[in-house]
A.B. asks: 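Handing you a structure now.
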Amino acid sequence: MIIFDQVSVVHDGATAPALPPVDAHLPEGELCLLVGPSGAGKSTLLGTVSGLVPHFTGGTLHGRVTVAGRDTRTHKPRELADLVGTVGQDPLAHFVTDTVEDELAYGMESLGLPPATMRRRVEETLDLLGLNELRDRPIASLSGGQQQRVAIGSVLTPHPRVLVLDEPTSALDPPAAEEVLAVIQRLVHDLGTTVLMAEHRLERVVQYADQVLLLSPDSGARLGDPAALLAVSPVRPPVVELGELAGWDPLPLSIRDARRAAGPLRDRLAPHAPSPAAGPPSANPATATPNSAASGSAASGSAAPLAEVSRLTLVRGRVTALHDVSLSVRAGETVALMGRNGAGKSTLLGTLVGMHRPTRGQVTVAGRIPHRTRPAELLRHAGLVPQEPRDLLYADTVARECRTADADAGAAPGTCRSLVSRLLPGIPDSAHPRDLSEGQRLALALAIVLTARPPLLLLDEPTRGLDYAAKARLIAVLRELAGQGHAIVLATHDVELVAEVADRVVVLAQGEPVADGPTHEVVTSSPAYAPQVAKILAPQPWLTVGQVRQALGDEPGPRDGGPAR
Amino acid sequence: MRRSLPRAPLATRATALHPGAWWLWALGLATAASRTTNPLLLALVIVVAGYVVAVRRTDAPWARSYAAFLKLGVLVLVVRLVFAFFLGSPVPGTHVLAELPEVPLPEWARGVRIGGRVTAEGMAFALYDGLKLATLLVCVGAANALANPARLLKSLPGALYEAGVAVVVAMTFAPHLVADVRRLRAARRLRGRGDRGLRGVVQVGLPVLEGALERSVALAAAMDARGYGRTARVPAAVRHTTTALTLGGLLGVCAGTYGLLAARGAGFGLPVLVAGAACALAGLRLGGRRAARTRYRPDRWGARAWLVSASGAAVAALMIHAAGVFPEALTPPAVPLHAPPLPRWPAAAVLLGLLPAAVAPAPPTGKEEKSHS
């Protein structure tokens, strides 16, 4: 269906090609997952299928991409529109009209389909994606998962034979992601659509993939069986890591396969199982002990809390964003806020730095009331890295950004720059902040916030767009900060991140806390929020591959006595 | 038991009133308002438009613009009164309200006055005049609140459709820009800078524009990939004819308009204008062949649309007629000062504008609160 013939792309002004030479043939009706670290050229390769590369973006395409016999060099994107449906990373940038029904029809109108056909297909697509309730709604009023489904629906109505999706679930909460993936799988199974998809959160998608196209800067591009390729991939989900650690063969890709193979491992781990009271999965034992005491119950504990929220209600317009929320955070503690898109996580973080004024209830950070404190002073007590780190960046070079951060925080010149280098080496001084990769931009924003040394650090959705390597670095940084006594509050959908760093999890639903407790208790009790390792090794309370590795390392005869199959 | 009066159906995609009908109705009211300065009649027009908006608008984003137009109308009125107060009024009057010191102006600025006597007659004249302008604005606001602008653009001829899409995209763009400015201003707080005041807006200007540019490029890519701008192959002869017709038609329209407006040559003006317009329309129609696109569920012009637009037209026609019959009542003179009368027949004519409140499809009620996220 899609044939890549010695494909390589060189962007204008670049010396090296943006992706390794790709030579592959994707058959019809397969779900092919594009795997690779950040910057390996995944988005560029997706662009060559829809023709946006090079017709829209410029650059030089070497080799040939053929989609159902049409050469993308001679066909512009609009001439491939009936064949290839493309959804980019940001669904909001995809919408041309203002209501769901019009959006679904837009592509067909452009192709000139007869009105009767359009009408029928819109109804079919509304049913297929479960959007009928929303058909007259303005798109701007939909949630993230709904918008993503509308975006997919809007490219499905012209009945494309190929669907190209760039990070379709990265911005979504776990239930919404499952909703979208169920739709994608249905398209592949029922309609025979060929799907080419790139996704950083492999743990969500890898079990659905028929094939994996692995792009890595070192070993080039390879297409093949998912299990075989993930064994050598530089990026892989926890289930594969655990499988490799335990020596399972073939490597499991789904929780189900892994559980079938996990019996002997569970037996081996049983004597080492962390007792439920031993608390956090932090790899740093020094911080683990005091935290677990503090995290057990919010009310008890000796140290005065750094941040205290009591009976906070926040009403915006006619919407109650937060309702009766109480929360206290102590030094050295890492708290994860979870919950659906729009559950009030970001609003709660914003309230802690005084961006919103509480309607009722009290918020104090280090004894101050955030919205009444001057920003320059509050900076030294609480720092927030927003969901979009670039919101914090105004200057046109990294060096200038760091200088203004030093000045804002009253820190010694060079403080911010040295923090940047420590968090992520190799960010050039002269780079424009918008040209950095997601991981680099996050490191820069985090360094700017840390320049003022706030004891309370807030992060909103920090792993969006990060690959596993960048995420591992972030986890190490957060553990170190917690060890130095920073209190950290994360709002995130990423259950694997929560399993790695959080001592305590608070789940919000419709602005109200519905669960609050130590990480292992909260996440293992809910299928949506449980990390993969917990699902595989349940009922034992393991959360991360790191814990398992440590436990097996303590065991006298490691690995060689592993469960063979 | 069935009601004796058939009630208007609930507005759905299928029964929604053609947006053009709402515009014709509103323009009819506006025409009526432009024929009178009687404040009672103008107030009646505002009330009629306001009532129809109140009972027939949806809770869509564009429907919220009505309040903005109302505020704009009040602003116009206030500005007109303030100017009349400080700059004086050409209307002679005897009821002096206040005596301001007059600023002496040089000879070349004769005819301009700053300060001086403020008379009740002058202020009344300014009030009537300002109220007329404000009423026109309220009528336009009513059309805006009742008719979906995107759907109106969908009714454009095929050749103009792509321009229409550009307008729709631009319209959705502005709210995004405002949201960006808000978000980035709030983010300034996180860097320890003030989030209020003008400086906040100026400093986020560049990042906001950069973000807007990135978003437009992403949207352009998405539209290209979805087939925007696909054209059908059209024979060269048709293409050339289209160009000739459109260009010739536009030239004809220009020449005709000139002829109509110039002192001499009114004789050739009208025919040339009509011929030019016909050519241009034919060109547009032919040009539409190049566009391969079709329309999904276009709005239909049904009996209700006829009734709504007819009610607006009737108000306009009756008021134009009344302006000839009761000139005194429709444009009450400011001198001598007296309370304006309410002419019975013109007032009844304005009430005809209430017809849409009964015949236009009603917006769905009892809808669940939208779950905001």
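All figures in this text were calculated on a predicted structure; none of them were measured in a lab. Here is the naming used below: chain letters follow the sequence lines, and residue numbers restart at 1 for every chain.
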A.B. asks: Can we say A/Arg390 and B/Glu210 salt-bridge, meaning some charged N sits less than 4.0 Å from an Asp/Glu carboxylate O?
C.D. replies: no

A.B. asks: Relative to chain B, which of A/Lys76, A/Met108, A/Arg374, A/Glu101 shows the most heavy atom pairs under 4.5 Å?
C.D. replies: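 Option with the top pair count is A/Glu101.
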
A.B. asks: Answer with side chain, backbone, both or neither: which region of A/His432 has an atom nearer than 4.5 Å to a non-hydrogen atom of chain B?
C.D. replies: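 The side chain, not the backbone.
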
A.B. asks: Going by side-chain contact (heavy atoms from CB on, under 4.5 Å), A/Arg137 matches just one of A/Leu142, A/Val150, A/Asp98, A/Thr99. Which one?
C.D. replies: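 With A/Arg137 as partner, side-chain contact (heavy atoms from CB on, under 4.5 Å) holds for just one option, A/Leu142.
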
A.B. asks: With only heavy atoms counted, which part of B/Val217 is less than 4.5 Å from chain A, the side chain, the backbone, both or neither?
C.D. replies: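 Both backbone and side chain of B/Val217 come within 4.5 Å of chain A.
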
A.B. asks: Where on B/Leu206 is there a heavy atom nearer than 4.5 Å to chain A: the side chain, the backbone, both, or neither?
C.D. replies: neither

A.B. asks: Quick one: of A/Leu113, A/Val449, A/Thr86, who has the most non-hydrogen atom pairs under 4.5 Å with chain B?
C.D. replies: A/Leu113

A.B. asks: Under a 4.5 Å heavy-atom cutoff, which of A/Pro433, A/Ala105, A/Gly88, A/Ala409 has the most pairs with chain B?
C.D. replies: A/Ala105

A.B. asks: Which atoms of A/Thr404 are under 4.5 Å from chain B, going by heavy atoms: the side chain, the backbone, both sets, or neither?
C.D. replies: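 For A/Thr404, the contact with chain B is made by backbone and side chain together.
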
A.B. asks: Between A/Arg340 and chain B, which part of the residue has a heavy atom less than 4.5 Å away: side chain, backbone, both or neither?
C.D. replies: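 A/Arg340 has no heavy atom closer than 4.5 Å to chain B.
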
A.B. asks: For the atom pair CG (A/Leu393) and CD1 (A/Ile448), what is the distance rounded to the nearest 0.5 Å?
C.D. replies: 5.0 Å

A.B. asks: Would you mind telling me which of A/Arg135, A/His55, A/His94 has the largest number of heavy-atom pairs within less than 4.5 Å of chain B?
C.D. replies: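 Winner by heavy-atom pair count: A/His94.
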
A.B. asks: Please look at A/Arg380 and chain B and tell me whether the side chain, the backbone, both or neither of the residue comes under 4.5 angstrom of a heavy atom of that chain.
C.D. replies: neither

A.B. asks: Between atom CD of A/Glu79 and atom OG1 of A/Thr72, what is the distance when rounded to the nearest 0.5 Å?
C.D. replies: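 Answer rounded to 0.5 Å: 11.5 Å.
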
A.B. asks: Using the test side-chain hydrogen bond (donor to acceptor under 3.5 Å, both in side chains), find all partners of B/Thr15 that sit at least two apart in sequence or belong to another chain.
C.D. replies: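 Here the qualifying residues are B/Thr12.
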
A.B. asks: For a quick check under 3.5 Å, do A/Arg316 and A/Thr347 share a side-chain donor-acceptor pair by atom type?
C.D. replies: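 Checked: A/Arg316/A/Thr347 side chains pair up, N/O donor to acceptor below 3.5 Å.
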
A.B. asks: If I measure from the heavy atoms of chain A, does B/Arg230 come under 4.5 Å with its side chain, its backbone, both, or neither?
C.D. replies: both

A.B. asks: Would you check, one step at a time, whether the test side-chain contact (heavy atoms from CB on, under 4.5 Å) holds for A/Leu352 with A/Leu384?
C.D. replies: CA-CA 9 Å; A/Leu352 284 170; A/Leu384 168 66; over 6 Å; no

A.B. asks: Quick check on A/Pro91 against chain B: is it the side chain, the backbone, both or neither that has a heavy atom closer than 4.5 Å?
C.D. replies: neither

A.B. asks: So which heavy atom on A/Tyr394 is nearest to which on B/Leu184, and how close?
C.D. replies: OH-O, 3.7 Å

A.B. asks: Would you mind listing every side chain to side chain donor-acceptor pair (under 3.5 Å) that reaches into residues 141-153 of chain B, with sequence neighbours excluded?
C.D. replies: B/Arg151-B/Asp299

A.B. asks: Between A/Gly51, A/Pro454, A/Ser154, A/Gly47, who has the most heavy-atom pairs with chain B when the cutoff is under 4.5 Å?
C.D. replies: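 Of the candidates given, the most pairs with chain B belong to A/Ser154.
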
A.B. asks: Please identify, among A/Asp136, A/Asp102, A/Leu378, the residue contributing the most non-hydrogen atom pairs under 4.5 Å to chain B.
C.D. replies: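 The option with the most such pairs is A/Asp102.
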
A.B. asks: Shorter than 4.5 Å, heavy atoms on both sides: which option in B/Ala222, B/Ala218, B/Ala220, B/Gly227 has the most such pairs with chain A?
C.D. replies: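 Of B/Ala222, B/Ala218, B/Ala220, B/Gly227, B/Gly227 has the most heavy-atom pairs under 4.5 Å with chain A.
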
A.B. asks: Mind checking the CG-NE2 spacing from A/Leu111 to A/His159? Nearest 0.5 Å is all I need.
C.D. replies: 11.5 Å

A.B. asks: Could you tell me which portion of A/Ala405 (side chain, backbone, both or neither) has an atom closer than 4.5 angstrom to a non-hydrogen atom of chain B?
C.D. replies: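 For A/Ala405, heavy atoms of backbone and side chain both lie under 4.5 Å from chain B.
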
A.B. asks: Going from CG on A/Leu52 to CZ on A/Arg78, what distance comes out if it is rounded to the nearest 0.5 angstrom?
C.D. replies: 11.0 Å

A.B. asks: Name the option with the most non-hydrogen atom pairs under 4.5 Å to chain A; the candidates are B/Gly211, B/Ser216, B/Ala225.
C.D. replies: B/Ala225

A.B. asks: Heavy-atom pairs under 4.5 Å with chain A - which of B/Arg297, B/Arg183, B/Arg13 has more of them than the others?
C.D. replies: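 With the most close heavy-atom pairs to chain A, the winner is B/Arg297.
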
A.B. asks: Relative to chain B, which segment of A/Gln89 carries a heavy atom at a distance below 4.5 Å: side chain, backbone, both, or neither?
C.D. replies: neither

A.B. asks: Is A/Thr117 in contact with chain B via its backbone, its side chain, both, or neither, using a 4.5 Å heavy-atom distance?
C.D. replies: neither

A.B. asks: Please look at A/Val84 and chain B and tell me whether the side chain, the backbone, both or neither of the residue comes under 4.5 angstrom of a heavy atom of that chain.
C.D. replies: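 Contact with chain B: backbone only.
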
A.B. asks: Within the supplied structure, the quantity of interest is the number of heavy atoms (other residues, nucleotides, ligands) at a distance under 6.0 Å from B/Arg300 CZ; does it exceed 12?
C.D. replies: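 It does not: B/Arg300 CZ has 12 such atoms or fewer within range.
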
A.B. asks: Given a strict heavy-atom distance threshold of 4.5 Å, which part of A/Asp82 is in contact with chain B: side chain, backbone, both, or neither?
C.D. replies: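 For A/Asp82, heavy atoms of backbone and side chain both lie under 4.5 Å from chain B.
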
A.B. asks: Locate the shortest heavy-atom distance separating A/Val49 from A/Val67; write the atom from each residue and the value.
C.D. replies: O-CG2, 3.7 Å

